[in-house]
Amino acid sequence: MVSSFSFAPFVFLLLVIGGTARPFYPLPGKGDDGSRRPLQTFRPYNVAHRGSNGEIPEETSQAYLRAIEEGADFIETDILSSKDGVLICFHDVTLDNTTDIAKYKEFANRKRTYEVQGNNTTGFFTVDFTLKELKSLRVNQRFSFRDQQYNGKFQIITFEEFINIALDAPRVVGIYPEIKNPVLINQYVKWSDGKRFEDKFVETLQKYGYKGSYLSKDWLKQPAFVQSFAPTSLVYISNKTELPKILLIDEVDIPTQDTNQSYWEITSDTYLDYIKQYVVGIGPWKDTIVPVVNNYTTNPSDLVARAHARNLQK
């Protein structure tokens with residue numbers, strides 16, 4: 001159960017970088033003497049959402065290196081799996097929108113239609129490609145209005161490669177991984193030892209020394225938050241790791257990824273009283289905090305106030 005001591009504040013800040021490109025600066029390797037500058041805890045955390053993706057294609061090593069260079073306290077990523085069970089950093093369950101998959105004739109017959117969160121989705125799914133095949137692809141910028149000059153230059157990276165980017169930083173940089181679409185992953189990826197996606201996720205964190213409750217000595221040494229839109233995944237891993245967990249909350253018309261609960265159900269007082277046993281905070285979609293009607297903001301909702309009343313962070 002989450003203790004009731006005060007938490008340092010944290011917020012998501014998307015690093016959107018405009019302008020012309022700048023050179024990449026190599027980061028020095030981590031030292032073993034514990035001399036790296038510690039994580040700051042006196043202000044809200046600066047979280048680089050998918051890395052510095054305003055300039056560089058999202059969730060690539062270069063996007064994360066840039067974010068660290070620019071001062072991010074945490075680097076955020078989405079975790080999916082390859083066909084052969086290797087955890088990767090990638091946002092979409094399909095490769096279509098942010099890779100050059102379309103130009104590979106040898107993969108043309110891999111297009112599938114799967115049910116994802118209650119809807120039929122067609123595309124090239126990560127779960128149908130081995131890590132070697134995924135590494136042969138190159139990542140593209142998601143949005144046309146962002147810098148396109150790095151398209152086709154960088155690979156998809158693994159969860160372990162992502163972790164090492166944080167550990168190799170010249171100061172303490174935390175990680176903020178998301179357990180992404182666990183229902184789909186557990187349906188189509190099977191590990192030989194019978195374990196599930198969430199088990200592999202936690203085992204990877206433990207392999208690299210991530211442990212401890214929020215603001216504990218162990219946590220401050222290697223800070224990490226675990227987030228998911230799937231509440232059952234967070235409840236499941238609560239018995240496997242003390243790392244602080246965040247329940248992500250989507251738009252009001254999108255149900256949870258696993259339990260098909262509505263926004264109104266998971267933001268009710270009753271549900272917040274339940275989930276606070278397993279999470280330290282919530283990560284709500286911004287429009288659920290300050291609703292927008294006809295392109296105008298309206299009065300803030302009471303979601304943050306009700307979360308704070310239960311010692312949940314936002």
Side-chain angles (χ1 to χ4, degrees), residues 8-28 30 36-80 87-92 98 139-143 145-147 149-150 153-180 204-205 208 210 214 219-220 222-229 243-246 248 281-286 313-314:
F10 56 87
V11 295
F12 282 106
L13 293 178
L14 177 64
L15 292 184
V16 180
I17 311 300
T20 58
R22 290 162 294 156
F24 292 110
Y25 298 101
L27 295 172
K30 65 180 183 297
R36 294 194 303 166
R37 179 160 54 89
L39 177 74
Q40 67 77 26
T41 56
F42 62 89
R43 58 164 171 75
Y45 297 136
N46 186 329
V47 181
H49 187 245
R50 308 185 206 172
S52 187
N53 66 78
E55 178 182 3
I56 301 168
E58 64 187 42
E59 312 215 17
T60 59
S61 58
Q62 288 75 11
Y64 291 121
L65 289 170
R66 177 72 88 217
I68 293 170
E69 176 193 332
E70 293 170 337
D73 298 313
F74 284 80
I75 51 176
E76 188 269 355
T77 192
D78 305 277
I79 305 301
L80 292 171
L87 302 190
I88 61 169
C89 298
F90 204 75
H91 180 270
D92 299 358
T98 56
V139 181
N140 292 331
Q141 180 59 263
R142 178 178 294 274
F143 298 111
F145 58 82
R146 290 180 175 169
D147 193 343
Q149 69 173 307
Y150 296 115
K153 295 184 181 296
F154 308 132
Q155 292 181 321
I156 293 171
I157 63 172
T158 67
F159 189 16
E160 294 195 49
E161 288 172 325
F162 167 82
I163 287 173
N164 276 292
I165 290 170
L167 294 180
D168 283 341
R171 55 186 168 81
V172 173
V173 172
I175 61 172
Y176 215 126
E178 177 184 342
I179 301 172
K180 194 78 174 180
T204 303
L205 291 170
Y208 286 91
Y210 286 93
Y214 184 46
W219 187 87
L220 287 170
Q222 292 184 203
F225 289 102
V226 175
Q227 58 179 340
S228 184
F229 286 102
L243 290 172
K245 302 156 194 73
I246 306 295
L248 298 177
I282 59 173
W285 184 255
K286 60 183 182 299
Q313 299 297 294
K314 190 286 294 178

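Reckoned from all heavy atoms, side chains included, excluding hydrogens, waters and symmetry mates.
Going from atom SG of Cys89 over to atom CD1 of Ile79 covers 4.0 Å, rounded to the nearest 0.5 Å. Separating the CD atom in Gln62 from the OH atom in Tyr150 is a distance of 9.5 Å, to the nearest 0.5 Å. Expressed to the nearest 0.5 Å, how far CD1 of Ile156 lies from CD1 of Ile88 amounts to 5.5 Å. Between the CD1 atom in Ile157 and the OG atom in Ser61 there is a gap of 6.0 Å [rounded to 0.5 Å]. The CG atom of Leu39 sits 12.5 Å away from the CD atom of Gln222 when rounded to the nearest 0.5 Å. Between Ser52 atom OG and Ile68 atom CD1 the span is 11.0 Å, to the nearest 0.5 Å.
Between the side chains of Glu160 and Tyr208, at least one donor N or O lies within less than 3.5 Å of an accepting N or O. Using a 3.5 Å distance cut-off with no hydrogens or angles, the side chains of Glu59 and Asn53 do not pair a donor with an acceptor. Side-chain contact of Thr77 with Glu178: a donor-acceptor pair under 3.5 Å is absent, judged by distance alone.
Of the possible polar contacts, none joining the Arg146 side chain to the Ile56 backbone as a donor-acceptor pair under 3.5 Å is found.
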Requested in this report: Applying side-chain contact (heavy atoms from CB on, under 4.5 Å), run through Leu87 and Leu80 and close with a yes or a no.
Outcome: CA-CA 6 Å; Leu87 302 190; Leu80 292 171; over 6 Å; no
Requested in this report: Begin from the C-alpha positions of Ile175 and Phe225 and carry the test side-chain contact (heavy atoms from CB on, under 4.5 Å) through to its verdict.
Outcome: CA-CA 7 Å; Ile175 61 172; Phe225 289 102; over 6 Å; no
Report task. For the pair Asp73 and Gln40, evaluate side-chain hydrogen bond (donor to acceptor under 3.5 Å, both in side chains) and give the outcome as yes or no after the intermediate values. Result -> CA-CA 8 Å; Asp73 298 313; Gln40 67 77 26; 3.0 Å; yes
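The two residues Gly51 and Tyr64 make their nearest non-hydrogen contact at N-CE2, 3.3 Å. Considering all non-hydrogen atoms of both residues, Thr204 and Ile163 come closest at CG2-CD1, 3.9 Å. When all heavy atoms are compared, the tightest approach of Ala169 to Arg36 is O-NH1, 2.9 Å. The minimum heavy-atom distance between Arg50 and Glu76, with the atom names listed, is N-OE1, 3.0 Å. Nearest approach of Ser228 to Ile179, heavy atoms of both residues: OG-O, 3.0 Å. Considering every non-hydrogen atom in both Leu243 and Trp219, the closest pair reads CD2-CD1, 3.9 Å.
Salt bridge Arg66/Glu55: present, at least one basic N to carboxylate O contact under 4.0 Å. Note on Lys180 versus Asp92: no salt bridge recorded, every NZ/NE/NH1/NH2 to OD/OE distance being 4.0 Å or above.
The side-chain heavy atoms of Pro38 and Leu220, taken from C-beta on, include no pair separated by under 4.5 Å.
A search for side chain to side chain contact (heavy atoms under 4.5 Å, CB included) contacts involving Thr98 returns Glu58, Phe90, Arg142, not counting sequence neighbours.
Between Tyr45 and Tyr176, the ring centre distance reaches or exceeds 6.0 Å. Residues Phe229 and Trp285 place their aromatic rings such that the two centres sit no closer than 6.0 Å.
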